[in-house]
Every structure is written in C-alpha cells, then in structure tokens.
A.B. asks: 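Sending over a structure as structure tokens; questions will come in a sec.
Numbering starts at 1 and runs along the sequence shown.
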Amino acid sequence: NGSAAVGSVDYWLNKFEEDYFAKRARTPKSETTWKDYSRIFKKLDRAADLNEDSLMKVVLSTPPDSRTRQKACIYLKSLAQFAKIDFDPSDYKGNYSPESVELRDIPSDAEIQQWRERIPNSHGWQYAFGLMAAYGLRNYEIFHIDFDSIKTAPGHLRIVESKRNKKSERIIWCLYPEWWEQWELGNISQPFPQVTGKTNSDLGDRVLKAFLRYGFSRPYNLRHAWAIRAINFIPLEMAARMMDHSVRVHSQIYQRWLNQEHYQKMYEIMMSRSDRPLPPQ
C-alpha cells in the first residue's frame, strides 16, 4: 500500500498549505491556484490517515479522461511527495486535453450585440459585458483593467495583475474597434460592477452569477467568440499573446472551431488587400 505518512490528512493539508504560501506571496493568482488545489483536497477524509489508499480513493472518485481527474492526479501527487509517500497516479491521468473539451455554443457577433442590449447598465453589467465581448476577457479580468488605457481611440486595453510574485501586463486590441466607439467603452465614468472577492476565482464567480440573473449563462463564451473573431484580424501568435495563451494551447482550442464560413471570410479579406501578392507580369 506504499508508505504511510505520520499524521492525518488534516495535519498534512495544513502543513502543505503553510509550505505553499511560505514559497510564494498571497496574491489573487496564488489564492486562486490554492483554491483549485482545495477543490480536490476537500474530497479527502480529513480525519483519516494520509496514505496511498486514501489518495487513490479520491483519484478514482473523479470522472475518467476529465480535467478533474487530471488535476486530482497532479495535485495529490504533489501532496504525496510533500508527505514523502510513495504514490504515482500517472497511469490514471487519462487522455484529457483541450481538444477533448465539448464544443460550446458560441454566440455570433450579432447575437452578442443583442444580448448586450438586454442587460441593464444600472450596476455596470452592460458595460462589463461590452468589455468582455470586445476584448475577450476572462470573467475576473474586468477587475484588473487599467482604465486609463482605453480612454482614447483605438482603445487598446491593458490588463495588470500579479503572477508568481511579479506584475504581469498585456495589451489587448478591441475587436471590433467600432464597438469601442458605439458602446462607449472609453467612457470610464459610467457605472461599473462593485463586487468583492479574495481571489480571481471568487471574482469570476460574481461575474457568472450576475450574468445568470440576466439569462446569459456562459459569459466565458464571449472570450471564445473573440478568439474566433480574431482569426480575421490578426495573426494567431498575436491572438494567443493577447489571450495569455501559448500558441500551442491556442491552436488546440480554437483551430477546430473554424468552419468553411470562417475560411471563406478569411479568403475574401486577404484577396481584397491592396498589397496582396500578384502573379508575375
């Protein structure tokens, strides 16, 4: 059964958390990561001994070939290594990858415009919706915007947040730039959602619940729509950087969602360029 840790699950989880935050500052990013760990760790019986059997029980309680199973194997292996338990669940990790994620019902740009009109702006949620749609933001990222960056045309938005004890910044272009003007995204004096949350995950949950009240159940789909829209505007590498993705992950997630309509539109845009290559005279 592998070597057993000296101490209960509760003891080792407390020690592991102390060690985790001894090595990194408590920031929204690190708190969010720890919350992700905790979702797996809460499946452990905290009054029981921490050993190979108790760890494997949690692994097998998660759906095979799922993101949850993959996380369980990674996080519980880290806990086992910390407690010096001989435990390697790699064989149970499964075949999850971004390519295996179920295709979502991505709204068209026309539908996004219609949804925005339905959302009242009394508490700033219409404005928040517009920002997420025009810039492809993660739910929580609306609370990391440098609003000075979008005051003037063309409204390039700057995201600033702490990651791994360092300040992380990136610039995102507005797609479509017409939305920046039509939706007055540069008018930062308009209402903005006032919510609280200790972590990015908490903030993201507040955004999700707010849009659920208005019938829009998947605000993250605004980000997916931006990524697909970007195909017609900018090179893949630039889109990946603006979305805070690696090129590999970006390609895996979004290339498979392109259809003949997207390719035809890309072709028409390229053929209409005045500087496109021409045949020899």
A.B. asks: Would you check if Leu157 and Trp180 make a side-chain contact, meaning some heavy-atom pair closer than 4.5 Å?
C.D. replies: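 With C-beta onward as the side chain, the pair stays apart.
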
A.B. asks: Restricting to non-hydrogen atoms, name the atom on Pro107 and the atom on Ile112 that form the minimum distance, rounded to 0.1 Å.
C.D. replies: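 Answer, listing the atom of Pro107 first, then Ile112: CG-CG1, 3.9 Å.
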
A.B. asks: Search all heavy atoms of Ala72 against all heavy atoms of Ile40 and return the closest pair with its distance.
C.D. replies: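 Minimum heavy-atom separation between Ala72 and Ile40: CA-CG2, 3.8 Å.
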
A.B. asks: Please check this pair: side chain of Asn121 against backbone of Tyr127, looking for a donor-acceptor N/O pair closer than 3.5 Å.
C.D. replies: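 It does hold such a pair.
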
A.B. asks: Glu141 vs Arg170, test: salt bridge (charged side-chain N to carboxylate O under 4.0 Å, His left out). Steps then yes/no.
C.D. replies: CA-CA 11 Å; Glu141 286 181 334; Arg170 74 181 195 276; 3.0 Å; yes

A.B. asks: Would you please test Lys93 and Gln70 for side chain to side chain contact (heavy atoms under 4.5 Å, CB included) and show each step?
C.D. replies: CA-CA 5 Å; Lys93 228 175 184 182; Gln70 189 180 75; 4.3 Å; yes

A.B. asks: Please work out which of the three classes, parallel, tilted or perpendicular, describes the rings of Phe41 and Tyr75, given edges at 30° and 60°.
C.D. replies: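 It falls in the perpendicular class, over 60°.
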
A.B. asks: Under 3.5 Å, is there a donor on one side chain and an acceptor on the other for Gln113 and Trp179?
C.D. replies: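 Trp179 and Gln113 do have a side-chain donor-acceptor pair below 3.5 Å.
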
A.B. asks: Would you kindly check if the NZ (Lys) or CZ (Arg) of Arg223 is within the cone defined by 45 degrees around the ring axis of Trp226 and under 6.0 Å from the six-membered ring centre?
C.D. replies: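 The answer is no, since Arg223 fails at least one limit relative to Trp226.
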
A.B. asks: Quick one about Asp88 and Ser90 (side-chain donor to acceptor, distance below 3.5 Å, no hydrogens or angles considered), yes or no?
C.D. replies: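 Per modelled atom types, Ser90 and Asp88 side chains form a pair under 3.5 Å.
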
A.B. asks: If we count only N and O atoms by modelled type, under 3.5 Å, do the side chains of Trp12 and Ser8 hold a donor and an acceptor together?
C.D. replies: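 No, no side-chain donor-acceptor pair sits under 3.5 Å.
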
A.B. asks: Which pair of heavy atoms, one from Val59 and one from Thr62, lies closest together, and at what distance?
C.D. replies: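 Scanning both residues, the minimum pair turns out to be O-OG1, 2.6 Å.
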
A.B. asks: Determine the minimum heavy-atom distance between Leu208 and Pro219, stating which atoms define it.
C.D. replies: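 So the two residues come closest at CD1-CD, 3.6 Å.
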
A.B. asks: Classify the ring geometry between Tyr20 and Tyr37 as parallel (under 30°), tilted (30 to 60°) or perpendicular (over 60°).
C.D. replies: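 It falls in the tilted class, 30° to 60°.
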
A.B. asks: State whether Arg138 and Asp244 are salt-bridged, where the test is any N-O pair (Lys NZ or Arg NE/NH1/NH2 against Asp/Glu carboxylate O) under 4.0 Å.
C.D. replies: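 Yes, this pair counts.
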
A.B. asks: Which is it for Trp125 and Phe211 under the ring-ring contact (aromatic ring centres under 6.0 Å, His included) test, yes or no, and what are the steps along the way?
C.D. replies: CA-CA 8 Å; Trp125 288 111; Phe211 287 128; 5.5 Å; yes

A.B. asks: Ring-plane angle category for His224 and Tyr220, please: parallel below 30°, perpendicular beyond 60°, tilted otherwise.
C.D. replies: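 Correct class here is perpendicular.
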
A.B. asks: Cation over ring, Arg116 on Phe129, under 6.0 Å and within 45°?
C.D. replies: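 No, Arg116 and Phe129 do not form such a contact.
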
A.B. asks: Please check if any side-chain donor atom of Ser149 sits under 3.5 Å from a side-chain acceptor atom of Arg158, or the reverse.
C.D. replies: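 No, Arg158 and Ser149 have no side-chain donor paired with an acceptor closer than 3.5 Å.
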
A.B. asks: Answer yes if the side chains of Ser201 and Arg39 hold a donor-acceptor pair under 3.5 Å, and no otherwise.
C.D. replies: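 Note: Ser201 and Arg39 side chains meet the donor-acceptor criterion.
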
A.B. asks: Using a strict threshold of under 4.0 Å (side-chain N to carboxylate O), is an ion pair present between Lys23 and Asp19?
C.D. replies: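 Counted as a salt bridge, because a side-chain N and a carboxylate O are separated by less than 4.0 Å.
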
A.B. asks: Between Phe233 and Tyr176, is the ring centroid distance below 6.0 Å?
C.D. replies: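 Yes, they do, as the ring centres are separated by less than 6.0 Å.
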
